[in-house]
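Okay, so here's the structure we're looking at.
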Amino acid sequence: MKHKSIYFYIPAIVFLLALWYVISLIVHLPIIPSPYLAIERLIDIFSDTIAIHAFYSFWRIVAGVLLAVLIGVPIGILMGYTKKVDTILAPLVYLTYPIPKIALLPILMLLCGIGELPKILMIFLIVIFQVLVALRDGISSIPKEMFYPLYTLGASFKDIFCKILWPAVLPNFITALRVAMGTAISVLFFTETFGTKYGMGYFIMDAWLRVNYLDMYAGIIVLSLMGLCLFGILDLCERYFCKWNR
Amino acid sequence: MKHKSIYFYIPAIVFLLALWYVISLIVHLPIIPSPYLAIERLIDIFSDTIAIHAFYSFWRIVAGVLLAVLIGVPIGILMGYTKKVDTILAPLVYLTYPIPKIALLPILMLLCGIGELPKILMIFLIVIFQVLVALRDGISSIPKEMFYPLYTLGASFKDIFCKILWPAVLPNFITALRVAMGTAISVLFFTETFGTKYGMGYFIMDAWLRVNYLDMYAGIIVLSLMGLCLFGILDLCERYFCKWNR
Amino acid sequence: MIQIDNLFVKYDNLNILEDINLQMAEGSVCAVIGPSGCGKSTLLNILAGINHDYEGKVFINGMKPSPKKQTIGFIPQNYGLLPWLKVKDNIMLGLNIKHKNNSQIPMDLIDSLGLNKLLNRYPKELSGGQQQRVSLARAFALKADLLLMDEPFSALDAITREEMQDVFINLWQQQNVTTVLVTHYVEEALYLGQKIVVMTATPGKVYKIIDNPLFADKNFRDREEFVQLSKQLRIYLKKAGRENEA
Amino acid sequence: MIQIDNLFVKYDNLNILEDINLQMAEGSVCAVIGPSGCGKSTLLNILAGINHDYEGKVFINGMKPSPKKQTIGFIPQNYGLLPWLKVKDNIMLGLNIKHKNNSQIPMDLIDSLGLNKLLNRYPKELSGGQQQRVSLARAFALKADLLLMDEPFSALDAITREEMQDVFINLWQQQNVTTVLVTHYVEEALYLGQKIVVMTATPGKVYKIIDNPLFADKNFRDREEFVQLSKQLRIYLKKAGRENEA
Amino acid sequence: DTQQSADNSKNASDTTLKIGLMPDIDSIPFIIAEEKGFFKEEGVNVELQHFKSAMDRDSALQSGNLDGGVSDMLAAGFAKDGGFDVKMTSMTDGNYCLVAGTANNVQSIKDMKGQNISVSKNTIIEFVLDQMLMQNQMTEADINKTVIPQIPTRLEMLQNGKLDAAVLPEPMGSIAIKNGCHLINSSEEMQINPGVMVFTNDSLQNKSEEIKAMYRAYNKAVEYLNNTPQEEYMDLVIEKAGLPPATKDALTMPKYHEAALPSKDAWEKSIQWLNQKGLVKETYSYDDMVSDILSK
Ligand SMILES: Nc1ncnc2c1ncn2[C@@H]1O[C@H](COP(=O)(O)OP(=O)(O)OP(=O)(O)O)[C@@H](O)[C@H]1O
Ligand SMILES: Nc1ncnc2c1ncn2[C@@H]1O[C@H](COP(=O)(O)OP(=O)(O)OP(=O)(O)O)[C@@H](O)[C@H]1O
Ligand SMILES: [Mg+2]
Ligand SMILES: [Mg+2]
């Protein structure tokens with residue numbers, strides 16, 4: 001995992017661009033423009049146009065994921081820790097997870113209007129299950145002997161949480177955040193298409209509609225870099241908080 | 001986790017239906033019909049109509065997830081086990097994971113037409129990252145002492161894989177499958193909207209565009225039950241294969 | 001005071017402990033000795049309030065084992081250190097939970113256990129014996145009402161072991177803490193046990209209880225009873241081991 | 001034959017082993033004894049081919065430690081059992097890897113280690129001593145060229161320990177396997193070590209090497225050299241422990 | 001000989017005309033032509049592909065999975081600007097309605113200053129609204145455009161009073177009206193018709209005979225539609241086109257027109273709108289965009 005420096009991203013970026021370039025040469029259709037043109041376009045429109053879209057998306061992702069974490073983590077931990085809670089909640093989760101949340105969009109819009117709230121809620125609804133399931137499974141795989149020292153100390157749940165559940169599940173939590181973050185970015189595409197003129201989802205969808213593939217790919221590059229940043233931050237967090245695990 | 005029998009699903013189902021019913025009473029709009037009507041409709045049209053859609057979706061999910069497993073698992077395990085591979089591949093994953101796969105639809109259509117292949121590939125593309133990241137993180141958190149007995153036996157990679165990597169990562173793998181399965185079901189909605197007349201995604205989208213909310217909810221119920229079945233199977237697998245962990 | 005009446009324990013359908021009866025006065029030390037797998041750790045787990053799955057009566061000062069009300073210092077066989085806490089935090093774990101945050105690091109104790117250079121390491125950066133001493137420090141620092149030690153010196157070399165035994169004897173002389181000690185060594189039992197309980201092989205029963213005149217005498221090896229008693233004890237042990245082998 | 005010249009090992013910047021020199025003839029048994037944390041396990045890990053991070057020369061039969069070419073039976077301090085394998089599979093692990101699949105369960109050995117009733121359990125359903133015996137069985141079953149044992153009897157009661165020591169001696173007499181044994185007991189060293197290596201506290205150096213006339217003599221306690229030698233060894237140990245304490 | 005048959009089979013698949021349809025009334029003649037066997041009568045093999053969103057359709061067209069489809073002038077302009085060689089070949093009969101919500105008792109667009117009107121952005125829907133505003137000497141700034149791309153959602157929000165008004169394509173417009181909303185204006189009323197068929201240039205060159213045959217069948221279908229009572233074919237059309245069942249009672253079918261070249265005026269308005277909004281830089285002329293395969 002560890003030891004990834006900014007330095008290793010360069011070959012990856014170069015590789016992806018080269019791959020893209022080769023495909024664009026082979027296909028030779030505007031549907032796959034040369035990466036050179038897309039980057040040129042990106043530089044052209046970044047500061048006047050894309051920056052503000054990226055900013056909006058960033059805020060929605062952070063808000064949506066944060067909400068999912070705030071609600072999903074406690075429930076996931078409780079489900080993993082207490083078999084009774086799991087017995088009751090697992091069927092609920094299993095039934096509601098596969099519901100395509102986008103199908104609920106009209107309902108969400110009816111209930112919350114068309115402002116920021118439904119967009120953030122949509123990210124939340126999609127991402128919370130991933131957080132919840134990963135934490136539950138993480139907690140439930142802690143060997144039970146781990147808890148014995150705290151049991152004999154008559155520790156409160158708060159102590160058990162701080163001393164065992166949280167540190168033990170932190171690596172799973174970070175994995176869950178990785179998955180959730182990636183998902184959140186890729187669902188922007190559906191959540192940012194209504195009631196707004198800003199957001200990378202809107203930007204890319206609009207470019208697609210306008211058959212403006214250069215804009216569209218510029219947008220995709222930005223999303224990709226945005227993901228890279230968020231993942232990089234997570235890697236740093238992991239390196240810092242999971243020192244004991246190295 | 002364990003000990004979930006079919007028996008505990010009943011209160012969950014009842015609870016969800018009751019919740020739905022209450023909301024339908026409060027909102028009192030055709031967009032949220034009473035669950036009673038939706039179920040009635042479901043029973044009405046299940047055997048002639050929905051069954052075939054469900055069958056198609058089921059096959060696409062299984063194919064997409066299987067493909068993601070076949071390709072994602074070895075890569076994830078290699079990344080987790082070999083730091084070098086991780087250093088090279090992680091930036092690629094971090095860059096490509098956040099790309100909204102739906103935006104690649106034109107390319108996918110270009111390369112594979114509009115038949116079954118692009119639908120399955122779309123599921124594959126969305127799901128593989130979740131499988132890969134979860135497996136990588138799972139493997140890389142195996143304490144290194146675990147490998148010592150096999151190292152001193154001069155075990156080949158195949159032995160290490162069979163005796164340590166696979167059993168150790170199996171719980172993570174099952175979690176990843178859970179998340180992937182849920183995601184796959186909920187993206188049907190986008191992958192089954194073109195070039196086909198079958199599939200739950202098509203069915204629900206079609207019902208939505210026809211403003212036929214009863215059909216739409218009947219479809220959502222079927223998806224939900226389909227998810228439940230798949231999750232139930234996974235639970236059984238977990239109970240069987242991770243006996244040592246109970 | 002510890003009072004055990006007619007204690008029976010089963011795992012699945014296997015009897016592990018059968019009809020254990022034992023009284024211990026407040027402030028006394030009891031050494032438990034018996035064949036491998038006879039149920040010594042199981043007995044300790046019950047006194048520690050970890051295992052509630054038994055029949056019969058177990059009272060500590062008139063109450064069922066309840067770690068919330070009593071302060072129990074417990075040294076499990078596998079040390080029970082939390083891998084994500086540094087040595088100093090592992091040592092302070094009990095103090096922080098029992099006496100909340102106004103507790104000082106017990107530097108004297110740490111010195112006498114030879115841990116002062118290791119305070120900032122994680123458990124997995126320690127040798128086996130060092131880990132065991134950390135576990136000793138955690139239990140001793142607690143000033144417990146009841147001390148439960150499961151082979152607390154097994155990973156220590158002969159010289160260190162004797163030093164640690166003396167640390168324990170000093171502690172006991174100062175605090176007069178009721179102690180149950182599982183040991184595998186006849187000599188250790190003779191030095192550290194006021195009462196020595198000899199157990200039979202599975203299912204574990206009490207085979208003999210010996211009152212030990214050599215207890216806490218630094219020169220116990222030179223006393224005339226020593227040779228006689230240790231021979232006697234070895235004979236008991238051999239017989240107890242064969243007891244249930246028919 | 002084992003040949004160690006000028007071996008130095010560091011963790012981070014801390015010297016763990018300093019200038020270790022040691023020769024062992026083919027088929028001989030060497031007992032290593034020394035203060036807690038002096039680097040005994042580290043030395044064994046190097047011989048086992050797990051730790052490659054050292055300076056100096058280490059040769060086993062003229063080659064660097066290489067588990068692929070040699071058959072090494074290793075009993076780590078924490079037993080090194082794989083939690084997902086049943087006892088019988090843990091025992092067969094080495095045989096299956098080294099001699100591939102045409103190997104039989106060594107029922108005689110399992111009988112003499114008292115494990116025959118436990119073959120279908122998972123490691124966590126065993127007591128500490130039972131786990132240790134499984135680890136012994138795994139190493140003994142292998143018919144190794146080199147046997148490395150890290151405190152192999154530490155979790156066994158006095159009687160069982162002596163039985164196991166005899167199992168080892170029998171095995172050694174039949175197979176003449178070169179053995180390095182880490183122990184904490186003067187008596188054990190005197191019974192099981194042809195050569196006894198006394199090490200100093202961190203950084204570990206060789207303090208003394210003793211040729212032991214009592215080796216493998218079942219009545220070693222009754223021989224006249226016994227008292228003298230064990231006194232001598234205790235004095236060495238005490239001095240070695242203080243060696244680097246300035 | 002084998003060579004010959006290989007060529008034949010290749011030709012056979014090559015002569016199939018793949019047409020993308022949308023769930024709107026523009027597509028109805030194609031469905032009729034298929035159901036009534038008009039394509040067969042004309043000896044052309046037409047494969048109809050149903051799409052649920054314009055983007056899926058455009059992606060399929062641009063990736064060569066379709067020869068042509070039911071589309072609109074704005075999409076055609078975008079495609080041309082994006083470097084895809086597509087041509088408009090005929091206009092289709094569709095209608096877009098500006099509908100005011102139940103509680104909104106405005107009578108004309110002039111009264112709608114400051115109101116929330118829902119559209120999908122940069123599409124024919126927004127174009128129609130802008131044309132309506134322009135005809136009434138209003139600008140974008142006078143109203144409040146709310147972007148909701150999904151048509152059913154727009155309908156739902158309108159019916160539940162979350163919006164003051166919305167532009168909806170038929171048959172959704174009629175359904176909204178039947179459910180208590182009222183019509184303010186429509187593209188038909190304004191006599192702008194941006195709905196067109198587009199074909200890729202490749203197909204126009206290689207499959208011109210098939211396309212002509214297809215249009216003959218189309219014209220037969222138009223004749224059928226115009227001369228047959230609505231009830232006779234509505235169920236079938238609703239089923240095949242993916243229209244809401246309520247269409248049957250709500251919608252009065254428009255008069256369909258035989259295939260004819262797109263209106264030059266409509267194109268000029270379209271390209272002007274695209275240029276003004278900065279969505280397309282080039283000003284493509286009518287001739288750049290239209291292929292008169294019909295009259296050739
Ligand atoms: N990862 C590490 N980082 C720093 N120091 C370490 C690490 N692992 C081990 N050590 C140190 O190396 C020294 C030798 O450890 P080792 O396990 O070899 O001791 P040992 O002789 O086996 O002790 P014991 O008898 O207690 O098992 C110890 O002092 C220990 O603290
Ligand atoms: N989960 C389990 N399922 C079945 N049997 C178990 C389980 N856990 C422990 N046992 C059995 O219970 C018996 C007592 O175990 P315990 O750990 O108390 O022994 P012990 O006296 O501490 O032995 P040792 O001296 O080896 O540590 C053992 O025979 C063990 O095999
Ligand atoms: Mg025990
Ligand atoms: Mg050691």
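Note on naming: letters A, B, ... go to the chains in the order of the sequence lines (proteins, then strands), and numbering restarts at 1 for each one.
Nearest heavy atom pair, residue A:Lys101 against residue A:Leu125, reads CE-O, 3.9 Å. Minimum interatomic distance between B:Arg60 and B:Gly199 (heavy atoms only, all atoms of both residues): NH1-CA, 3.8 Å.
Proximity to chain A (any heavy atom under 4.5 Å) is shown, for B:Tyr81, by neither the backbone nor the side chain. Using a 4.5 Å cut-off between heavy atoms, B:Leu29 touches chain A through its side chain atoms alone. Looking at B:Pro106, both its backbone and its side chain come within 4.5 Å of chain A, counting heavy atoms on both sides. For B:Met181, no part lies near chain A; criterion is any non-hydrogen pair under 4.5 Å. Looking at A:Val187, neither its backbone nor its side chain comes within 4.5 Å of chain B, counting heavy atoms on both sides. Using a 4.5 Å cut-off between heavy atoms, B:Leu92 touches chain A through backbone and side chain atoms alike. When heavy atoms are compared at a cutoff of 4.5 Å, A:Ile32 approaches chain B solely by way of its side chain, counted from C-beta outward.
Around the OH atom of B:Tyr213, the shell of radius 6.0 Å holds more than 12 heavy atoms that belong to other residues, nucleotides or ligands.
Of the listed residues (B:Val27, B:Leu230, B:Leu110), the greatest number of heavy-atom pairs within a distance under 4.5 Å of chain A belongs to B:Leu110. Considering only heavy-atom pairs separated by less than 4.5 Å from chain A, the leading option among B:Leu95, B:Leu16, B:Leu225, B:Thr175 is B:Leu95. Of the listed residues (A:Ile107, A:Ile88, A:Ile31, A:Thr96), the greatest number of heavy-atom pairs within a distance under 4.5 Å of chain B belongs to A:Ile107. Put simply, of A:Ile126, A:Asn172, A:Ile185, the one with the most heavy-atom pairs under 4.5 Å next to chain B is A:Ile185. Contact count against chain A (heavy-atom pairs under 4.5 Å) is highest for B:Ala12 among B:Gly232, B:Ala12, B:Pro11, B:Gly227. Contact tally against chain A (heavy-atom pairs below 4.5 Å) for B:Leu104, B:Leu188, B:Ile99: the top residue is B:Ile99. Ranked by heavy-atom pairs under 4.5 Å with chain B, the first of A:Leu228, A:Val179, A:Ile13, A:Ile174 is A:Val179. The candidate from B:Ala103, B:Gly138, B:Ala134 with the greatest count of non-hydrogen atom pairs under 4.5 Å with chain A is B:Ala103. Listed options A:Leu89, A:Ile220, A:Ile221, A:Ile204 were ranked by heavy-atom pairs under 4.5 angstrom with chain B; first place goes to A:Ile220. Ranked by heavy-atom pairs under 4.5 Å with chain A, the first of B:Ile23, B:Val93, B:Ile102 is B:Ile102.
Under the 4.5 Å side-chain criterion, counting only non-hydrogen atoms from C-beta, A:Ile128 is not in contact with A:Val69.
With values rounded to the nearest 0.5 angstrom, B:Trp166 atom CH2 is found 9.0 Å from B:Ile139 atom CD1.
When each of A:Leu78, A:Val85, A:Asp86, A:Val169 is checked for a side-chain contact (heavy atoms from CB on, under 4.5 Å) with A:Arg136, only A:Asp86 meets the rule.
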May I have the step-by-step check of side chain to side chain contact (heavy atoms under 4.5 Å, CB included) for B:Asp137 and A:Arg178, ending in yes or no?
-> CA-CA 10 Å; B:Asp137 290 3; A:Arg178 276 200 192 98; 2.5 Å; yes
Could you go through the salt bridge (charged side-chain N to carboxylate O under 4.0 Å, His left out) check for B:Arg210 and B:Asp206 one step at a time?
-> CA-CA 6 Å; B:Arg210 291 173 194 259; B:Asp206 189 59; 2.6 Å; yes
Residue pair A:Val127, A:Met122: steps toward the side chain to side chain contact (heavy atoms under 4.5 Å, CB included) verdict | CA-CA 9 Å; A:Val127 152; A:Met122 190 53 84; over 6 Å; no
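In this structure, A:Tyr202 and A:His53 have parallel ring planes: the angle between them is below the 30° cut-off, well short of the 60° mark. Between B:Phe231 and A:Tyr97, the ring-plane angle classifies as parallel under the 30° and 60° cut-offs.
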